[in-house]
Amino acid sequence: MTGWRHDTAGSRIDRARTVSFTFDGAEMTGFAGDTPASALLASGTRVLGRSFKYHRPRGLWGMGGEEPNAIFDVTEDSVTTPNIRATTEPLREGMALHSVNTAPDAARDRAGVLDVFDRFLPAGFYYKTFMAPNWMRWEPMIRRMAGLGRLDPAQQPPADTPQVNGHCDLLIIGAGPAGLAAARAAARAGREVWLIDEADEIGGSLRWRGGEIDGGDWRDFAHDTKQAVTEAGGRILTGTTLWGAFDHGLFAAWERRADAPDRHWRIRARDTVLAAGAIERPMWFGNNDLPGIMSAEAALHYLELYGAVAGRRILLATANDASYPVAAALAGAGCTVTIADARATAPDPPEGATVLKDAPITRARGRPSVAAAEVAGRWIDADTILVSGGYTPSVHLHCQAGGKLDWNAAVDALVPRPGTSALNVAGAANGSFGLARALEEGHAAGGGTGTPPQAASGDLQLAAIRPDPAQPGRQWVDPQNDVTLKDVRIAEQEGYRSVEHLKRYTTLGMATDQGRSANFAGLAAMAALTGRSIPETGTTTYRPPFSPVPLGVIAGPRRGELFNAPRRLALEALHKAQTASFREYGGWLRPAVHGGGDETDLAQLEARTARETVGLYDASPLGKIEVIGPGAAELLDYCGYVRLSTLKPGRARYGFMLNETGIVHDDGVVFRLSADRFIVSASSSHAASVRMMLEEARQDVFAPDRSFIHDVTAGFVTLTVTGPRARDLLRAAGIPDTVCDDTTLPHMSVTETTWNNRALRVARVSFTGDRSYELTVAARDGPALHAALDTARAEVDGRWIGMEAVMILRAEKGFILVGKDTDGLTMPHDLGWTGPRDKRTDEYLGRRSLFTPEANREDRRQLVGLATTNDTPLPTGAHLVPPEGTRRSLGFVTSSYFSPTLNRPVALALLEGGRALAGRDIGVFHMGETTRARVCTTCALDPEWERLHA
Amino acid sequence: MRERDWTNSAPEAGDVIKGPGITVQCLAPGQAAIISGGLDAAIASLAPGAAMIGLLDTLPESGAYALRIARDQVLLCTPEPFVAASGWHGDYALSVADDLYVPLQIEGDADSTFLSSCMSAQGGSPSAMALFAEKPCLVARTDGAAIRVWVPRPDMAEVWTRLALLSRV
């Protein structure tokens, strides 16, 4: 317990308002304006969590998103949110903070014993150790131990995050000195500026480092900037994390709001300035992960903003001048401060502090938190070690936007290569660490002319600090993932020399901090081990999110009825009135069955009725893609497996559409209404993609002014009447007999007529094998057609049937559903349709792929029927295996139902070389058991097709 | 959520959502057709003088207008039924599409905020087609400065539910 609260310091806290909270069950208090991190620091609590693998005690390191250790599960109002960073969340009354990866708590974690066995648990140990006897045995245990935080399964956060689109002239990411200068310059030029910062107030490091700009206090400069931005119609978003840069200038930002749901912004800007600052690096020495070792910059941050002082007897290890103001502030606050500067030449110490020159820190000791450090060969007592190993520019968004990096030896950092991303980078993010340079670059980035804002401070003087494997003790490169310098060496020895491989092998740079304080050390160490330079070694790929973002923020309202919502039928209400229960089929919500009771029984009843009298169902989702124009036939010839230019007006033809690799993409019927007008009745689930494939061919292969594609599926209602009494029903519904008799409307034909002064299209096609009519009217006329058919239905003892019955009816006939009875390898000849492949000589989509060696293999999976003597349908998805001998998958059952008409199960399957096996038995393997079925033809009912004309 | 738990429904013409500073009303579809190809010839033939409407362009107070979908395609909306049938008309293709879209109208003081929650695209595009509430819709303004959106009919239940949610924020 060494941190403490200064009596007067702390510009952010309101000492008049005490805030109560608990940490691992212990009651504590802070002040309004605190973060959990500042309150815990001020309380003297040192151990805030346990490390990921070894369960070593860990304390506060940083002040923002780079914090690797102080991560808590936070419970408020009985709702637990996992993995909240103590550094970025405001402290609220009643917060219950629970350390992660601990049991029972951070201070007494039982798994801490693992650290004793560290030599047996190097990087990659579990990849090798848990291979035997098999990974599956160990996986549950490892999963329980792995990860940070715990999800509360009962918790369902509200889906109330608004998703808002924003546009501006200039987006500025980061409201530190460079961002402010850019904003002021741009706003004064009349540009609409959006200024975004993760902190809840503008100023960046000025807030704790202070500074004079243009001869006045920085706050005056910030105030002027804010005013200029607002007056120019801009917006300042604080407490907002810009977490991703995406294609075409899209940025995503998460705004945290105190009194309203968080807000998710999608921002598009004409220009963007990245002024995200830099992150202080740690130093690498033995036991550099002990609680009480923290970033020097963070210590100043907590002192100035919260009055939280890191310790009383402080050793400040550094190699740069930026740490000296930190020492001065802490000495001024009453701390005993010793600066251990690794440089031989260092500035004079500030008042109240002492400095050791040419004094690198080599190791620390203490239990559970730091008590002393070895500096230049001698031990120095210290309750706190502050470190500054230099600064790493925050280049993440530049890289996400495609930007490249260059090595800048003067600042010992990778900096953005100008012109490689659309972002204009300024200030510390650009490796320009001095205040004057930051203001100058910001001013220029904002389009400022004339003299930039002036400040006194010059460039940062620093010496490069690197991990040194020769130093004693374990040196932690990535504290969040428990990666040590030794782990990097092991990775190199095992051949994982690429930084991407290093990341995967050791987990370096993963998890919530995304390696902000770790990646540089990892790549520097790998560079040294492999004899390469840092730029030669490279960096891992920067990807969104920049910081962890709750999935609920990204999802917004997309939950429940708004999550992947199906499309809806125009007649849904009428189907509900017919007691339909609904399911999603191919992206549409459609009646599954009608009436109450067991769904399987109802489907059987409906299918039987459709075979005996008549069934009616809503087929509106069937594609209605009109292809119109003098080039329509030519286009359809190219896009279809069968030729359609030979189709006569008034007739229909069944066909496939293949993709370029010859795989069946969809099947359906094409109607020819006139010489230059076709309607492609694509399957319900493929209508949109068929339209896109047609459109692509129209625009890219043919003269686009000779054919046009109109997908009018959504504008029409199609009701299908199927069964031996279908024609009787139509007659009873007032559809003229002259329209639908077998002479004027034979099977596979279509006509357009009127019915009760409404346009009506009647198509004679069948998906059931029975006489069927598809009646299509405008959606507004759908209710009238539904009513007429429903009234007539009673006269012929028909039923409304759902898709479950339709599935039975089509499977009895061996009619396929593409995507169910085919897979991503199925070609038309696998389905038994070889005619066009054998005979067509003209070019069509997918043709060349139908003649490759792969396409010609005799053991391709082919569509077959399966018969079984069992009364129970075969399990859909069950594997087909050899009936004798070694078991291996020869295919699988694609569709399987009990046929009420045949009074036995029917099934379709894809089977290797299946057609040659007709009449032979095959094994059906499912859930550890093998049964038998006989391979047969796909058509189980009415192979003579007599029912079509019944 | 189970696949059969969708209890929301598409609105009927005249249904209204009211929220702070915002009113959304479902309108009845009129007469419309998709026209492709020679747009000038089609408009001259079918609805002479009909204005070509791009994204957030203002609709005429009365008469026909053509909501531009693509370079060579519009949704032609007319007060009277079309005399031309679906098919090829020498210079252009026509498909009757009266019920392809359901129009709704958004008005109120908060309409710009509401709009920014529904769509990213801004005005200035020659095409009136934009993603609105994550669906491909046609978006224009009335001469009274209300926003009118043509929503694909099968997506209307989802869009309506989303708008109801947004109107409460």
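Predicted, not measured: the structure shown is a model, and the values here were computed from it. Chain letters run A, B, ... following the sequence lines, proteins first and then strands; every chain starts at 1.
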Q: By a 4.5 Å heavy-atom criterion (distance strictly below it), what part of E572(A) contacts chain B: side chain, backbone, both, or neither?
A: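 The side chain, not the backbone.
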Q: Is the distance between the ring centroids of W265(A) and W254(A) under 6.0 Å?
A: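 No, ring centres 6.0 Å or more apart.
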Q: Have N8(B) and T161(B) got a donor and an acceptor in their side chains that come within less than 3.5 Å?
A: yes
Q: Could you tell me which of K576(A), R266(A), R268(A), H710(A) has the largest number of non-hydrogen atom pairs under 4.5 Å with chain B?
A: H710(A)
Q: Would you mind telling me which of Q163(A), H167(A), E584(A) has the largest number of heavy-atom pairs within less than 4.5 Å of chain B?
A: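 Ranked by heavy-atom pairs under 4.5 Å with chain B, first place is H167(A).
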Q: Heavy-atom pairs under 4.5 Å with chain A: which of E134(B), M156(B), H89(B) has the most?
A: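 Max contact count across the listed options: E134(B).
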Q: How about CZ on R270(A), more than 12 heavy atoms from neighbouring residues, nucleotides or ligands closer than 6.0 Å, or not?
A: no
Q: Against chain B, label P557(A) side chain, backbone, both or neither, depending on which of its atoms sit under 4.5 Å from a heavy atom there.
A: both
Q: Under a 4.5 Å heavy-atom cutoff, which of E752(A), R263(A), R568(A) has the most pairs with chain B?
A: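 Result: the option with the highest number of such pairs is R568(A).
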Q: Could you go step by step and tell me if E804(A) and R590(A) meet the salt bridge (Lys or Arg N to Asp or Glu O under 4.0 Å) rule?
A: CA-CA 10 Å; E804(A) 292 304 305; R590(A) 304 178 70 175; over 6 Å; no
Q: Could you look at D160(A) and say if it's the side chain, the backbone, both or neither that has a heavy atom under 4.5 Å from chain B?
A: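 Answer is neither: D160(A) stays 4.5 Å or more from chain B.
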Q: What residue in S674(A), P630(A), A759(A) has the most heavy-atom pairs under 4.5 Å with chain B?
A: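 Ranked by contacts with chain B, first place is P630(A).
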Q: Please classify the contact of R677(A) with chain B as side chain, backbone, both or neither, using a heavy-atom distance under 4.5 Å.
A: side chain
Q: Report yes if the side chains of P81(B) and V83(B) come closer than 4.5 Å at any heavy-atom pair, otherwise no.
A: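 No, every pair of side-chain atoms sits at 4.5 Å or beyond.
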Q: What residue, out of G556(A), P621(A), P566(A), has the most heavy-atom pairs lying under 4.5 Å from chain B?
A: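 Among the listed options, the one with the most contacts to chain B is P566(A).
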Q: Is it the side chain or the backbone of V96(B) that comes within 4.5 Å of chain A heavy atoms, both, or neither?
A: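 Interface part for V96(B): backbone (N, CA, C, O).
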Q: Please flag which part of R558(A) lies under 4.5 Å from any non-hydrogen atom of chain B: side chain, backbone, both or neither.
A: side chain
Q: Hey, is CG on D109(B) packed in by over 12 heavy atoms from elsewhere, all under 6.0 Å?
A: no
Q: Can you confirm whether more than 12 heavy atoms, excluding those of F246(A), are under 6.0 Å from its CZ atom?
A: yes
Q: So which part of T113(B) gets closer than 4.5 Å to some heavy atom of chain A, the side chain, the backbone, both or neither?
A: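 The answer is neither part of T113(B).
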Q: Need one label for F716(A): side chain, backbone, both or neither, based on atoms under 4.5 Å from any heavy atom in chain B.
A: side chain
Q: Is A592(A) in contact with chain B via its backbone, its side chain, both, or neither, using a 4.5 Å heavy-atom distance?
A: side chain
Q: At a heavy-atom distance under 4.5 Å, which candidate from R780(A), E626(A), R567(A) has the highest pair count against chain B?
A: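 Between R780(A), E626(A), R567(A), the count favours R780(A).
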Q: Strictly less than 4.5 Å between heavy atoms, which residues of residues 59-74 of chain B line up against chain A? Please order them by number.
A: D72(B), Q73(B)
Q: Please classify the contact between L569(A) and chain B as side chain, backbone, both or neither, with a heavy-atom cut-off of under 4.5 Å.
A: neither
Q: If you check every heavy atom in residues 26-43 of chain B against those of chain A, which residues fall under 4.5 Å?
A: P29(B), G30(B), Q31(B), I34(B), I35(B), S36(B), G37(B)
